[in-house]
Engineer: 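Attaching a single structure in structure tokens format; questions to follow.
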Amino acid sequence: MSHKSIKQRKRGITMKNQRETILTGDRPTGKLHLGHYVGSLKNRVALQDVYNTFIIIADFQVLIDHLEDSHKVKTNIKEITLDYLGAGIDPAQTTIFIQSVVPQLAELTVYLSMLVTVSRLRRNPTVKSEAQRIGVDSEQDNITYGFLGYPVSQAADILLFRAHCVPAGEDQRPHIEQTRELANRFNKVFGKVFPLPELLISETPRLPGIFGEGKMSKSLGNAIYLSDSAEEVRRKVMSMYTDPTRKHASDPGHIEGNVVFTYLDAFDSDFERVADLKNKYQVGGIGDIELKNHLFEVLMNFLRPMQKRRNEFEKHPDYIQQVLKDGCARAVEIGEETMKLVRKAVGYNYADLFSAK
Ligand code: TRP
């Protein structure tokens, strides 16, 4: 499948001088962390200037593996919205909306579900690995219909807004592939309604967790959250994985696999200083504590302005409400425009059945 880098895309846009639509989203399972920032939020903040941008808070998708926690989702939606706004997502440029509040998404999902076979869904590698993680097998019958079918629902998320691009990580590639197949099939069977969306791959490598094993994730308990207090950040930085072979500050240390340096590379904009610290570390010229103190300062300098904004927004719940209300209203409006085209293409535009002659 084709994809374009963000730089290529930006050039393409200025040349054409028209705004294409992007749609991206998150499952509201908790607060956002540094890994989300590096891997997606940062891109979204940059892309909203260039694209007509939608962010879906995919609350239906949470039900796949959080049935028992469904009552926590509302709080998570508020937290994630605060994280977005704190990080610089601008509601004047980006439509933030909630999946379950847009009925057109469910309607489109029904049409799309007729265009894909169960065996095709069973082969989706992301569904496979996610199923494995929660102890079910997508090839067997112990997977729910909703879980197996969620790529269809995600395709509806993207297609309802006739998005051209989906900024996301590599793990979402199978879903974009599936979305393209569904769009193609719909267009062939009923007539052209949908553009084929492209994956806009995030070029930054995944940020590891603080203990160095695997990516930063809530479930692994290795995350620094955007809203963590200074004490929490300090505690987490001090417990970070560095170089297990080094006993004394005067021993030569290793850079590769040293999480503190991975984070400095990601967050310290003073590249010369980072290069200098690396040199010192390799010859045994700086201890872990001093290095970690530096990283703590760097992270707090990065987090403080975001947290200040986040705290301001948190004091105004009526504003957050309005952002979500406006976002959902706009999503419903655009969704209805697309559904008019869909119903017409299928032949299910029944207005004349109900209007008096
Ligand atoms: N599956 C995505 C994730 O887990 C969330 C998501 C839902 C999404 N709908 C989407 C992402 C549409 C991009 C486009 O992160």
Side-chain angles (χ1 to χ4, degrees), residues 1 3 6 20-33 35-41 43-44 47-48 51-66 73 76-77 80-81 83-84 89 94-102 104-106 108-109 112 121 124-131 133-134 138 146-183 194-202 206-207 215-219 223 327-328 331 334-335 338:
M1 189 184 76
H3 72 257
I6 288 175
E20 291 189 336
T21 296
I22 58 175
L23 182 136
T24 174
D26 298 297
R27 307 193 322 144
T29 52
K31 296 178 173 189
L32 299 181
H33 52 60
H36 291 119
Y37 185 85
V38 172
S40 66
L41 265 183
N43 275 344
R44 293 177 189 176
L47 290 168
Q48 66 182 351
Y51 287 92
N52 183 23
T53 305
F54 292 86
I55 297 181
I56 183 169
I57 304 180
D59 59 343
F60 278 147
Q61 234 183 70
V62 174
L63 294 177
I64 291 174
D65 58 347
H66 290 77
V73 171
N76 293 343
I77 290 174
I80 213 171
T81 307
D83 285 332
Y84 290 154
I89 297 289
T94 297
T95 303
I96 304 171
F97 69 98
I98 304 166
Q99 191 177 33
S100 69
V101 178
V102 180
Q104 289 82 359
L105 284 171
L108 181 56
T109 303
L112 297 179
L121 291 167
N124 180 311
T126 299
V127 174
K128 267 192 183 182
S129 59
E130 284 172 350
R133 191 164 48 77
I134 67 159
S138 66
F147 190 164
L148 191 63
Y150 96 81
V152 182
S153 156
Q154 182 159 331
D157 299 343
I158 297 163
L159 296 178
L160 190 70
F161 299 91
R162 281 169 285 157
H164 303 93
C165 288
V166 179
E170 197 53 44
D171 62 318
Q172 298 297 302
R173 187 184 292 277
H175 295 338
I176 310 306
E177 190 75 60
Q178 189 111 58
T179 303
R180 289 168 65 90
E181 285 175 30
L182 283 164
F194 300 114
L196 301 193
E198 284 178 34
L199 175 66
L200 190 52
I201 194 87
S202 165
R206 279 277 172 88
L207 197 67
K215 60 171 180 152
M216 184 175 280
S217 90
K218 182 187 150 138
S219 53
C328 290
I334 294 173
T338 302

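Order of appearance sets the numbers: ligands from 1, and atoms from 1 within every ligand. These values consider heavy atoms only, across backbone and side chains, with no hydrogens, waters or symmetry-generated copies.
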Engineer: Taking all non-hydrogen atoms of both residues into account, name the closest pair between Asp157 and Leu105 and its distance.
Structural biologist: CA-CD2, 3.5 Å
Engineer: Considering the heavy atoms of Arg27, write down every atom of ligand 1 situated less than 4.0 Å from one of them.
Structural biologist: 4 (O)
Engineer: Is there at least one pair of N or O atoms, one from Gln172 and one from ligand 1, spaced under 3.5 Å apart?
Structural biologist: yes
Engineer: Is the shortest heavy-atom distance from the side chain of Asp171 to the side chain of Arg206 under 4.5 Å?
Structural biologist: yes
Engineer: List the closest protein heavy-atom neighbour of atom 7 (C) of ligand 1: residue, atom name, distance to the nearest 0.1 Å.
Structural biologist: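 Checked against all protein heavy atoms, atom 7 (C) of ligand 1 sits closest to Gln61 NE2, 3.2 Å.
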Engineer: Answer yes if the side chains of Thr21 and Arg162 hold a donor-acceptor pair under 3.5 Å, and no otherwise.
Structural biologist: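 Looking only at side-chain atoms, Arg162 and Thr21 do not form any donor-acceptor pair under 3.5 Å.
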Engineer: Under 3.5 Å, is there a donor on one side chain and an acceptor on the other for Tyr84 and Asp26?
Structural biologist: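 Yes, Asp26 and Tyr84 have a side-chain donor paired with an acceptor closer than 3.5 Å.
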Engineer: Starting from atom 6 (C) of ligand 1, find the nearest protein heavy-atom neighbour and note its residue, name and distance.
Structural biologist: Gln154 OE1, 3.8 Å
Engineer: Between Glu20 and Asn52, does the side-chain hydrogen bond (donor to acceptor under 3.5 Å, both in side chains) criterion hold? Intermediate values first, please.
Structural biologist: CA-CA 6 Å; Glu20 291 189 336; Asn52 183 23; over 6 Å; no
Engineer: How close does the nearest protein non-hydrogen atom get to atom 12 (C) of ligand 1, and which residue and atom is it?
Structural biologist: Leu23 CD2, 3.5 Å
Engineer: Consider every N or O of Tyr150 and every N or O of ligand 1, then say whether any pair is closer than 3.5 Å.
Structural biologist: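 No - when backbone and side-chain N and O of Tyr150 are compared with those of ligand 1, no distance drops under 3.5 Å.
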Engineer: List every atom of ligand 1 that sits less than 4.0 Å from any heavy atom of Ala58, numbering the atoms from 1 in the order shown and giving each element.
Structural biologist: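 Answer, ordered by atom number: 7 (C).
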Engineer: Where's the contact between Gln99 and ligand 1, heavy-atom distance under 4.0 Å: side chain, backbone, both or neither?
Structural biologist: neither
Engineer: Determine the interplanar angle of the Tyr150 and His175 rings, folded into 0 to 90°, and report it as parallel if under 30°, tilted if 30 to 60°, perpendicular if over 60°.
Structural biologist: perpendicular
Engineer: Hey, are Gln154 and Gln178 close enough side-chain-wise for a donor-acceptor pair under 3.5 Å?
Structural biologist: no
Engineer: What protein heavy atom sits nearest atom 9 (N) of ligand 1, and how far off is it?
Structural biologist: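 Minimum-distance protein heavy atom for atom 9 (N) of ligand 1 reads Asp157 OD2, 2.8 Å.
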Engineer: I want to confirm something. Looking only at heavy atoms, which of Ile176, Val166, Val62, Asp59 is nearest to atom 13 (C) of ligand 1?
Structural biologist: Val166
